[in-house]
Amino acid sequence: MKKLPRLRFAHLPTTIEPLPRLSEALGGPQIFVKRDDQTGLAFGGNKTRKLEFLLAEAKANGARMLITAGAGQSNHCRQTAAAAARFGFKCKLVLTTTTPETKLPKDQKIKQPEDRTPAASTNEVSGNLLLDRLFDADIIWTAVNQRDEVLKLTFEEAWRSGQRPFLIPYGGSNATGASAFTLAMQEMLDQCTGSPLVNEPPDWIIIPSSSGGTQAGLVLGASLFGFEGRLLGISIDEQASALRDMVAELADVTADHLGEDVRFSADEILVNDDYLGGGYGVVGEPEIEAIGLFARLEGLLVDPVYTGRAAAGMIDLIRKGNFEERSRILFWHTGGTPALFADKYRGVGSST
Ligand SMILES: *Cc1c(COP(=O)(O)O)cnc(C)c1O
């Protein structure tokens, strides 16, 4: 496997812990958790692993500014802003509002961040967004359907003005970012000896899956390092067929990037899209129940958007008897907990 340039700042390996009280309450398989919510950078999360490789690439390219995009409460943007601060890059974040805006004319200049910040959004400066501001990221607001265009304009403008920008894709999910999770699979397998999993890798790994980089990296790692269990992505916001295609394709280009000659087809990728609920970032009863169960039984926080939804899916699948009696599940905690403090998700604590 090719050795990729990497900046080391994540706290690795992340620990694996058993969740005995949750396992007992659900009465099925033994559940463990891999604590990627503790990767160490500004409340942690799965993007920190990806950023170790993405920032190394940015540096090698002589970049001085990082530009990326995401939702208003994006964990990826928060971790990118923190990494930028830590390594002395400027940072611009293109964040999507849910307020529709008219289409930007082709030659429109990107206005100053404040101009595009919805005036009423001062109450939105909470959770990840508050942290973005502390890390001094420039925030550019856009409607979802204009995101790609605004991102492109932002990049071009920064380039023209000599700021040497480096574009990090949505979710950090390209071959460079996904490579981090290929190595994370190796980390997990190496770790089984001496971890609560005692020598044997889990039968199942369950992760929330959205832009597909985490799953693609793990899928490739499973193949390269011989993980024999199953890897299930609970889709956060995408139809299963589309997400399977994305993951297989990204696993292929990640293999190329690492100089490995393996190929994947969409039908090898396990994705469940039964838990999309009201859509991205819309918290429903299943997420609220999952957040409450993890908190009350294990003192462990899962987030309203990703891990809460994946946990709700896992809980439902356990209740439906989807897993063999003595099987062992590793719930890969991808982080996201700062969103618990977002005004937008105030409701998660109220009805458990
Ligand atoms: C981004 C994110 C995910 C999804 O990871 P992808 O690589 O985009 O599929 C899952 N959980 C959290 C907390 C995230 O921030």
Side-chain angles (χ1 to χ4, degrees), residues 14 33-39 41-51 53-54 68-83 93 95 127-129 131-132 168-182 184-185 205-221 231-238 240 242-251 254 269-273 275-276 280-281 283 287 290-291 294 300-314 331-342 345:
T14 56
V33 63
K34 178 129 173 92
R35 299 293 305 272
D36 272 22
D37 58 322
Q38 303 281 305
T39 48
L41 180 71
F43 294 116
N46 62 341
K47 305 310 182 303
T48 298
R49 288 185 188 269
K50 300 177 180 183
L51 287 164
F53 293 88
L54 291 162
T68 196
Q73 282 296 329
S74 166
N75 303 301
H76 162 65
C77 290
R78 178 248 311 161
Q79 286 161 90
T80 301
L93 304 174
L95 302 183
N128 282 303
L129 194 49
L131 302 178
D132 295 343
I168 295 181
Y170 196 60
S173 285
N174 57 11
T176 303
S179 299
F181 274 92
T182 304
M185 176 59 89
I205 294 173
I206 295 182
I207 53 159
S209 194
S210 178
S211 65
T214 302
Q215 190 166 6
L218 290 173
V219 161
L220 176 59
L231 169 67
L232 174 64
I234 305 284
S235 178
I236 300 306
D237 54 352
E238 195 72 72
L243 186 52
R244 276 190 206 105
D245 287 345
M246 275 165 60
V247 169
E249 207 172 297
L250 188 49
T254 307
I269 313 295
L270 290 184
V271 168
N272 183 315
D273 65 0
Y275 305 99
L276 299 177
Y280 180 85
V283 176
E287 289 85 15
I291 292 168
F294 271 68
L300 182 62
L301 300 171
V302 292
D303 83 280
V305 181
Y306 296 95
T307 50
R309 181 160 287 176
M314 175 180 75
F331 181 78
W332 203 302
H333 193 324
T334 48
T337 47
L340 284 170
F341 303 101
Y345 299 121

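Atoms within each ligand, like the ligands themselves, are counted from 1 in listed order.
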* Going by atom types only, do D303 and T337 share a side-chain donor-acceptor pair under 3.5 Å? -> no
* Protein contact of atom 8 (O) of ligand 1 - nearest heavy atom, named by residue and atom, plus distance -> S211 OG, 2.5 Å
* Those atoms of ligand 1 less than 4.0 Å from some heavy atom in T334 -> 10 (C), 11 (N), 12 (C), 13 (C)
* Any N/O pair Y306/ligand 1 closer than 3.5 Å -> no
* Asked: Hey, which atoms in ligand 1 end up nearer than 4.0 Å to a heavy atom of S209?
  -> 9 (O)
* If you count the atoms of ligand 1 from 1 in the order shown, which ones are under 4.0 Å from a heavy atom of G212? -> 6 (P), 8 (O), 9 (O)
* Would you call the rings of F294 and F331 parallel, tilted or perpendicular, where under 30° means parallel and over 60° means perpendicular? -> tilted
* Identified side-chain contact (heavy atoms from CB on, under 4.5 Å) counterpart of S209 within the set L243, I236, I234 -> L243
* To do: Any chance you could measure T254, atom OG1, to L218, atom CG, to the nearest 0.5 Å?
  => 11.0 Å
* Asked: Can R78 be said to sit on top of F43's aromatic six-ring, NZ or CZ under 6.0 Å from centre and within 45° of the ring axis?
  -> no
* Enumerate the atoms of ligand 1 whose separation from the nearest heavy atom of T214 is less than 4.0 angstrom. => 5 (O), 6 (P), 7 (O)
* Asked: Hey, does D303 come in under 3.5 Å of ligand 1, counting only N/O atoms on both sides?
  -> no
* Give the contacting part of S74 toward ligand 1: side chain, backbone, both or neither, where contact means a heavy-atom distance below 4.0 Å. => neither
* To do: Would you mind reporting whether N46 and N75 have side-chain heavy atoms less than 4.5 Å apart?
  => no
* Asked: Do we see a donor-acceptor contact under 3.5 Å between the side chains of T14 and D36?
  -> yes
* Asked: If you count the atoms of ligand 1 from 1 in the order shown, which ones are under 4.0 Å from a heavy atom of S173?
  -> 7 (O)
* Return yes when S210 approaches ligand 1 closer than 4.0 angstrom through a heavy atom, no otherwise. => yes
* Tell me, please: is T307 in heavy-atom contact with ligand 1, that is, under 4.0 Å? => no
* Structure fact -> Taking only non-hydrogen atoms of N75 and a 4.0 Å limit, the atoms of ligand 1 in range are 13 (C), 14 (C), 15 (O)
* N or O contact, K50 vs ligand 1, cut-off under 3.5 Å -> yes
* Heavy-atom check, side chain of K47 versus side chain of T39, under 4.5 Å -> no
* Asked: Which bit of K47 is near ligand 1, meaning a heavy atom under 4.0 Å away: side chain, backbone, both or neither?
  -> side chain
* Does R78 approach ligand 1 within less than 4.0 angstrom via side chain, backbone, both or neither, non-hydrogen atoms only? -> neither
* Asked: Just wondering, do I205 and L232 contact through their side chains at under 4.5 Å, heavy atoms?
  -> no
* Quick one: look at N46 and ligand 1, take heavy-atom pairs under 4.0 Å, and tell me if it's side chain, backbone, both or neither. => side chain
* With distance as the sole test, does Q215 use its side chain to make a donor-acceptor pair with the main-chain N or O of L270 at under 3.5 Å? -> yes
* Asked: Would you say G45 touches ligand 1, if touching means a heavy atom closer than 4.0 Å?
  -> no
* Asked: Can you find an N/O atom of G336 closer than 3.5 Å to an N/O atom of ligand 1?
  -> no
* Student check: side-chain heavy atoms of L54 and N174 closer than 4.5 Å -> yes
